[in-house]
Each structure stands twice: as C-alpha cells, then as structure tokens.
Amino acid sequence: MEEENKKGHFIEAIIKEDLQNNKNNGQVLTRFPPEPNGYLHIGHAKSICLNFNMAKQFNGICNLRFDDSNPAKEKQIYIDSIKDTVNWLGFDFKTPFYASDYFDRLHEFAVQLIRKGKAYVCSLSPEQMREYRGTLTEKGKNSPYRDRPIQENLDLFDQMKNGKFQEGEVTLRAKIDMASPNINLRDPIIYRVKKATHPRTGDKWCIYPMYDFTHCLSDSLEGITHSLCSLEFEDHRPLYDWILDTLETPCHPQQIEFARMNINYTVLSKRKLQLLVEQHHVSGWDDPRLPTLEGMRRRGYTPEAIRNFCNIIGVSKKDSRIDMGLLESCLRDDLNERAPRVMGVLKPLKVTIENYPDGKTEEMVAMNHPQKEEMGNRAIGFSKQIYVEQDDFMEDPPKKFFRLGPGREVRLRYAYLVTCKQVIKNEQGEVIELICTHDPQTRGGNAPDGRKVKGTIHWVNANDCLDAEVRLYDRLFTDENPEQGNQDFTENLNPDSLEILRNCKLEKSLGATAPGTVYQFERLGYFCQDLKASQKDMPVFNRTVTLRDAWAKMSPKA
RNA sequence: UGGGGCGUCGUCAAGCGGUAAGACACAGGGUUUUGAUCCCUGCACUCAGAGGUUCGAAUCCUCUCGCCCCAGCCA
C-alpha cells in the first residue's frame with residue numbers, strides 16, 4: 001500500500017487530482033458499458049479491470065451498464081454471457097444497469113432539446129443526409145428542415161414515436177454546426193426510427209436514441225464521475241459535452257479516453273471474431289483458441305492471470321500491440337503457483353522393464369507440488385509395463401540430449417533409474433517399444449552410489465492409466481498483425497492452431513478432475529479438462545499453455 | 001489539403017527541468033528427481049528528427065517527419 005503516493009497511469013493521476021480538488025464531492029463512480037451484441041474478449045477485460053479497479057481504489061463503485069440502444073444487433077444471450085463473464089473475472093456489480101431503462105427519460109431529454117430549439121426533425125433521406133454532411137475537408141450544408149418551428153418538431157417527433165414514419169424517413173437531429181471541422185458536430189442524429197423488438201423493452205418503442213445521445217445522459221443519470229472509453233471516442237467528446245451542457249442534467253461526468261488493447265498473433269474486434277465463428281474457422285465463440293473470455297476460460301486461463309495481465313500492461317494513449325508472450329507469462333506465473341502436478345504421456349512409447357517382476361505393482365509417492373508440501377502427495381502405481389513420451393527417446397541422440405537412447409540411463413520421475421537395453425521396431429522401421437532394465441536400488445529416484453543422472457522423464461503405468469484425448473493449441477494466426485492492410489485477415493490463419501492427440505495416456509488420478517482445475521502435466525505444460533467436449537469414456541483435455549522450454553529453444557525443431 | 005490523437009529498449013511502460021524505473025523477451029551463470037520453478041548477472045551515454053531556451057531538457061518553445069482515428073439512421 002505504498003502505492004498511495006505514486007501517480008500511477010494518467011487516468012489514476014487525473015482521478016487523484018480531482019479528489020484533491022474535491023471535485024464530485026470526493027466520489028468516484030465509473031462504469032463498464034458493453035453493448036450486448038457479442039461476447040466479451042480480453043480487450044474488454046482491460047476496460048473492466050480499469051473501471052472496477054479505479055472505483056475500488058478510491059472507495060467508489062463501478063456500474064455494469066448495458067449500452068442497449070440498438071435492438072437490431074442486441075440479444076439476451078449476450079447480456080447473460082456478459083454478466084456471467086464479468087462475475088467470473090472476479091468483479092461484483094450489484095444489479096446491472098441498462099441504457100434501455102432510461103428510454104423514457106431520454107425521450108424527455110429529446111423533447112427538452114426540441115423545446116430549446118436545439119433539435120429538429122429532419123426529413124432528409126439517408127443518401128441526402130450523407131451529401132449534406134460534407135466531407136473531411138469540405139463543410140456540410142444546412143438541412144432544409146433545420147428551421148422547422150419548435151411546435152412542428154414536437155408534433156413530428158411525437159409521430160415518430162407513434163410509428164407514423166418508416167425507418168429512414170425521418171430522424172431527430174441536434175442543431176449544432178454544419179460547418180464544424182468535427183464531423184460529429186454537424187447536426188448529429190440523436191434519434192432514429194427502428195421497428196425492431198428490443199430484448200428488454202419489447203415493442204414499446206419504434207424510435208431509439210443514438211449512442212452519443214444515450215451514453216452521456218446515461219452517465220449523468222447514474223452520477224458517473226469518470227467516463228472511461230477508448231481513443232476513437234475522442235472526437236465525440238465535444239458532442240458528449242455539448243449535450244450535457246445544453247440539457248438540464250444531474251451532473252456532468254468527465255470523459256477520458258485511453259488506448260484499446262491489441263495483442264499480436266490474434267484479432268480483437270467483435271466483427272472479426274464473429275467472422276471467424278460464422279465461417280467456421282473456429283468451433284464457436286468459446287473456442288479455446290479465441291481471445292474471447294469464454295474461450296480463454298475454457299482453455300484454462302484463470303481470472304487472476306487475466307487480471308494481473310491487465311494491471312501489468314498499463315494504461316496510456318499510445319497505440320500498442322502487446323506480445324502474446326506477456327499474456328502467457330502471466331498465465332504461467334499464476335498456474336505455477338496453483339496447479340497440482342500430475343503425469344501424462346501425450347505420444348506414448350511402450351517400455352518394458354525386463355528385470356521387473358511380472359504382475360508386481362508398487363506405489364510410488366509423488367508430490368503434488370514440488371515447492372508446496374502443503375499440497376500433499378499421491379500414490380502412483382508402477383509396474384513392468386509403462387509408457388514414456390516418444391519425444392523422450394532418440395535412437396541417435398546428440399550429447400546434450402539428457403533423455404533415453406540406446407544404452408542411456410535416465411530417471412523415471414518418482415520411480416527408478418532405468419537403462420535402455422533394446423529398441424524394437426515395426427516393419428516400417430518405427431520404434432514401437434523399448435526394453436529397459438531398472439536398478440532396484442534406486443527406488444524413488446536416487447542412486448545409493450551417488451551416481452549422477454542428468455535426465456528425468458515422466459511416465460505412466462501402462463495397465464492402470466486413463467485414455468484421453470488432448471488438444472494442443474497454437475497461435476491462431478501466423479502473422480504478428482493479422483489485420484494489417486485491407487487484405488483478408490483469414491488468409492493469415494494458422495493451419496496448425498489445433499492439434500488433436502487421441503491416444504494419450506494419463507495418470508489414473510485424472511479420472512476425476514474438479515471443474516475448472518488446471519493441472520500441470522510435468523515437463524509438458526498446463527492442461528485442464530474440457531467438460532464441454534469430454535465423453536464419459538473419453539475425457540478431453542485442453543493444453544492451456546506450455547511450460548517454458550529451454551530445450552526446444554536450443555534445438556530448433558527436428 | 002479539414003479535425004482529433006500519439007511518438008522513451010525487440011514488446012508494454014515509468015518519467016512531469018537536475019542528468020533514463022520496472023515487466024516481458026533476449027544472453028550468460030547458479031540451484032534443481034519437471035531441460036519447469038527459483039536465484040544471480042548483462043541488456044536505451046539515450047528518449048522520432050532538427051533547431052532554440054537554460055548552468056542543466058526525454059521533460060519548455062519552434063519547425064519537420066512518422067503512425068492511428070473520424071464522412072453508420074453502429075457502439
């Protein structure tokens with residue numbers, strides 16, 4: 001808590017200064033305002049953490065508010081998913097707020113604006129509207145309907161509300177300045193006709209407020225003090241302020257913009273994510289390869305790892321592209337602490353210990369976490385037939401290969417030192433079995449004569465293990481920035497982002513996994529059971545993330 | 001050619017006139033029954049560039065260059 005005096009990121013600095021000046025009576029109220037038109041992704045997590053953390057840090061509150069002013073795109077399933085995901089991430093909101101709960105008040109505000117002569121009903125068609133708006137370098141022209149008398153506007157707006165107009169026929173516009181260099185101020189539309197059923201208000205309305213009108217007023221109605229949003233809304237701030245200054249509102253929140261998150265080798269836009277789902281490049285919104293929070297959750301990401309990541313990357317106004325490696329580093333950091341260790345063989349190679357008694361089984365004692373005694377031990381059966389990893393054997397290994405090879409001795413973790421005596425191949429010349437001997441004196445893994453064995457490999461008891469499917473995931477795209485330029489970003493999809501292994505042998509204890517628990521398969525990585533894909537007789541495990549692998553680094557793929 | 005932003009290590013990011021934090025990555029080394037973890041060490045004489053102000057600048061001023069956003073009845 002010596003953080004107190006540090007300024008932190010620029011938003012934190014602004015809030016501290018406001019507090020010092022007793023602005024907003026020393027209150028801090030933020031909000032996370034998703035539109036329920038899709039699922040949340042890691043980019044949203046940044047905003048969620050920022051908003052909830054600022055509120056918490058300054059003894060304030062953060063509202064979850066659905067920005068549901070466009071019924072054409074919004075659905076209840078998204079609302080449900082978003083609520084669930086925010087909770088899963090570890091944030092509490094009492095009851096969610098909805099912009100749609102303010103529709104009546106918003107309507108009154110619109111009428112107020114008309115009465116003030118600051119809004120008018122415009123009968124320009126969408127095409128005409130575009131022409132009148134001008135361009136980036138040319139001023140716009142006033143709408144011929146701009147000077148309709150107040151009473152006429154009132155009547156027309158009422159007719160809009162009563163369904164007398166078709167979509168696109170009329171709009172309600174703020175009367176600001178068609179010559180403004182800021183296009184957002186060229187008489188922006190604040191209400192449009194939309195004959196759609198709203199997930200929450202049903203068919204009560206056939207006119208809906210636009211974002212710019214809805215957002216600032218919703219903020220004000222809730223007493224928000226700091227309205228944090230992304231950079232692209234910077235141009236909208238003058239409009240945000242204009243509306244709140246023009247209308248008689250409870251308070252005037254301060255909009256502050258920050259840069260949204262980007263991560264390399266993936267995409268973080270709802271539109272592109274949706275495309276990946278629709279075109280079946282992935283299995284669904286919760287595909288473990290997706291940066292959606294539901295996907296990451298299914299993959300095995302923990303809320304703690306995600307929150308830590310969001311805190312670590314900071315907040316600024318600079319466009320950035322964060323290294324996926326940092327996310328993975330945060331993940332490993334958390335998983336290393338909490339994941340129980342187990343053994344599992346992904347690509348099994350049968351090993352027969354020729355000098356081990358037939359039919360005998362011993363219980364070897366394995367630690368559930370090498371650095372945490374308190375996590376306890378477990379017993380693992382050992383017998384004459386075991387499986388080891390195919391990658392842990394090389395017929396003609398280089399000197400630095402510390403694993404199995406003809407005549408080489410390695411330690412079977414928590415069991416014995418074994419030496420490879422014979423290699424058995426099939427007709428194709430593929431190694432299908434190893435005949436080894438074990439040193440009975442080395443039970444547990446230590447040699448009484450003090451002889452050093454450099455390599456330790458994992459194994460699974462052949463006659464008492466679990467058959468499982470394991471899914472290995474790699475980055476979804478081969479290009480660091482898949483959305484570069486205007487070319488089709490799906491061309492950069494990594495064809496090897498998913499590898500399914502169907503003949504995996506896992507330690508028996510994995511037969512009953514607690515939902516959501518991530519295990520470390522020693523020497524391989526972190527894995528968790530995929531409850532959605534698992535069958536009764538064939539559990540499916542997802543590889544959450546690999547372990548750091550110094551060996552893989554020095555031997556660039558054989 | 002209009003308006004709004006942004007440019008500090010490979011990637012994020014502190015710094016707010018007193019002489020470049022930290023994290024990830026990377027490179028060495030140590031411990032280790034996971035080539036994991038952990039622990040050391042190294043890693044920007046320089047802050048997009050050029051001028052200027054100052055005893056002193058990444059921090060102030062001027063100009064130049066580069067990148068991002070805006071012309072939905074989307075948010």
Side-chain angles (χ1 to χ4, degrees), chain A residues 6-9 13 33-35 37 67-70 72-74 122 124-126 129-130 133-140 167-173 180-186 188-194 208 210-212 214-215 229-238 257 259 261 264 270-271 312-330 332-333 336-337 341 343 366-367 369-371 400-403 410-415 417 442 444-446 453-458 520-525 546-555:
Chain A
K6 288 193 196 159
K7 283 203 168 175
H9 53 71
E35 181 190 12
N37 67 343
D67 221 336
D68 55 348
S69 58
N70 183 2
K73 294 182 174 179
E74 297 149 7
C122 182
L124 248 25
S125 69
M129 184 91 68
R130 202 177 311 125
R133 185 157 38 224
T135 66
L136 294 179
T137 52
E138 299 164 66
K139 295 175 180 179
E167 288 186 20
E169 239 184 297
V170 290
T171 56
L172 181 68
R173 298 224 262 164
S180 173
N182 181 345
I183 292 182
N184 296 118
L185 262 20
R186 316 237 264 233
I189 294 171
I190 57 178
Y191 260 93
R192 78 288 214 186
V193 175
K194 196 142 256 191
Y208 292 91
M210 295 286 287
Y211 164 84
D212 287 303
T214 308
H215 205 89
C229 64
S230 44
L231 250 29
E232 67 267 30
F233 291 103
E234 211 145 18
D235 286 344
H236 294 242
R237 183 161 18 104
E257 310 82 11
M261 171 194 294
N264 61 11
K270 272 190 203 168
R271 213 204 100 243
I312 257 176
I313 58 170
V315 180
S316 75
K317 300 188 71 159
K318 190 172 73 177
D319 289 315
S320 65
R321 173 158 245 99
I322 295 158
D323 192 338
M324 176 69 87
L326 182 57
L327 213 207
E328 293 182 340
S329 170
C330 291
R332 290 193 185 101
D333 241 31
N336 177 49
E337 289 294 315
R341 315 287 125 126
M343 292 199 281
M367 285 186 284
H369 189 120
Q371 278 83 233
K400 301 287 255 179
F401 187 78
F402 307 141
R403 311 177 191 179
V410 297
R411 174 167 32 240
L412 294 176
R413 171 138 248 225
Y414 298 125
L417 299 185
T442 60
N446 287 310
V453 176
K454 187 80 176 162
T456 299
I457 65 174
H458 57 95
Q520 184 193 101
F521 288 10
E522 292 206 38
R523 302 210 310 132
L524 297 174
T546 62
L547 250 30
R548 249 184 217 97
D549 190 349
W551 169 248
K553 233 177 264 176
M554 52 195 280
S555 59

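Model, not experiment: these values are computed from the prediction.
With a cut-off of 3.5 Å on both Watson-Crick or G-U wobble distances, the partner of B/C26 is given as B/G42. B/C6 and B/G66 make up a base pair, with Watson-Crick or G-U wobble contacts both under 3.5 Å.
Across all strands shown, A/V315 has heavy atoms under 4.0 Å from sugar-phosphate atoms exclusively, and none from any base. Backbone-only engagement by A/R321 is indicated by non-hydrogen atom pairs under 4.0 Å involving sugar-phosphate atoms exclusively. At a threshold of 4.0 angstrom between heavy atoms, the contacts of A/F233 include nucleobase atoms, whether or not backbone atoms are also involved. Within 4.0 Å of A/H236, counting heavy atoms only, lies at least one base atom of the nucleic acid. A/F401 comes within 4.0 angstrom of a base, heavy atoms only. At the heavy-atom level, A/D549 lies nowhere under 4.0 Å from the strands shown. Within 4.0 Å (heavy atoms only), A/P370 reaches at least one base atom of the nucleic acid. Among the atoms of the strands shown, base atoms are found under 4.0 Å from some heavy atom of A/Y414. Looking at heavy-atom distances under 4.0 Å, A/E234 makes contact with sugar-phosphate atoms alone, never a base.
Relative ring orientation between A/H236 and A/F233 is described as perpendicular, the plane-to-plane angle rising above 60° on a 0-90° scale split at 30° and 60°.
A/S316 has a side-chain polar atom (N or O) that falls below the 4.0 Å cut-off from OP1 or OP2 of B/A13. Listed pair A/S69 / B/C74 fails the phosphate criterion, with no side-chain N or O lying under 4.0 Å from OP1 or OP2.
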Would you sort out whether A/E169 and A/V193 count as a side-chain contact (heavy atoms from CB on, under 4.5 Å), showing the intermediate values?
CA-CA 8 Å; A/E169 239 184 297; A/V193 175; over 6 Å; no

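B/C69 has its base anti relative to the sugar, with a glycosidic angle deviating from 0 by more than 90°.
Residues satisfying the side-chain hydrogen bond (donor to acceptor under 3.5 Å, both in side chains) test with A/R413, not counting sequence neighbours, are A/E522. Contacts of A/N37 classified as side-chain hydrogen bond (donor to acceptor under 3.5 Å, both in side chains), with partners at least two apart in sequence or in another chain: A/E35, A/K270. Every residue two or more places apart in sequence or in another chain was checked for a side-chain hydrogen bond (donor to acceptor under 3.5 Å, both in side chains) with A/S320, and none qualifies.
The NZ atom of A/K317 sits 13 Å away from the P atom of B/A14 (whole-angstrom rounding).
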Close N or O pairs between protein and nucleotides 7-9 of chain B (under 3.5 Å):
residue: B/U8; atom: OP2; partner: A/K318; partner atom: NZ; Å: 2.7

Atom pairs, N/O to N/O, protein against nucleotides 71-73 of chain B, distance under 3.5 Å?
residue: B/A71; atom: O2'; partner: A/R133; partner atom: NE; Å: 3.1
residue: B/G72; atom: OP2; partner: A/R133; partner atom: NH2; Å: 3.0
residue: B/C73; atom: OP2; partner: A/R133; partner atom: NH1; Å: 3.0
residue: B/C73; atom: N3; partner: A/G168; partner atom: O; Å: 3.4
residue: B/C73; atom: N4; partner: A/L124; partner atom: O; Å: 3.1
residue: B/C73; atom: N4; partner: A/P126; partner atom: N; Å: 3.3
residue: B/C73; atom: N4; partner: A/G168; partner atom: O; Å: 2.5

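Where A/E522 and A/S320 each meet RNA chain B at their nearest nucleotide, the meeting point lying more 5' is that of A/S320. Of the residues near RNA chain B, A/V453 and A/L231, the one whose nearest nucleotide (by heavy atom distance) lies more toward the 5' end is A/L231.
Among B/U37, B/A14, B/C12, the nucleotide with an atom closest to any side-chain atom of A/H9 is B/A14.
One donor-acceptor pair, N or O on each side, does fall under 3.5 Å between the base of B/G3 and the side chain of A/D235. At a cut-off of 3.5 angstrom, the base of B/U34 holds at least one donor-acceptor pair with the side chain of A/Q520. Put simply, the side chain of A/R341 and the base of B/U34 share a donor and an acceptor less than 3.5 Å apart.
Between A/W551 and B/G35, a base-stacking contact is recorded: ring centres under 5.5 Å apart, planes less than 30° from parallel.
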Using a 4.0 Å cut-off on protein heavy atoms (strictly under), produce a 5'-to-3' string for nucleotides 21-27 of chain B with B for base contact, S for backbone-only sugar-phosphate contact, and - for none.
---SSS-

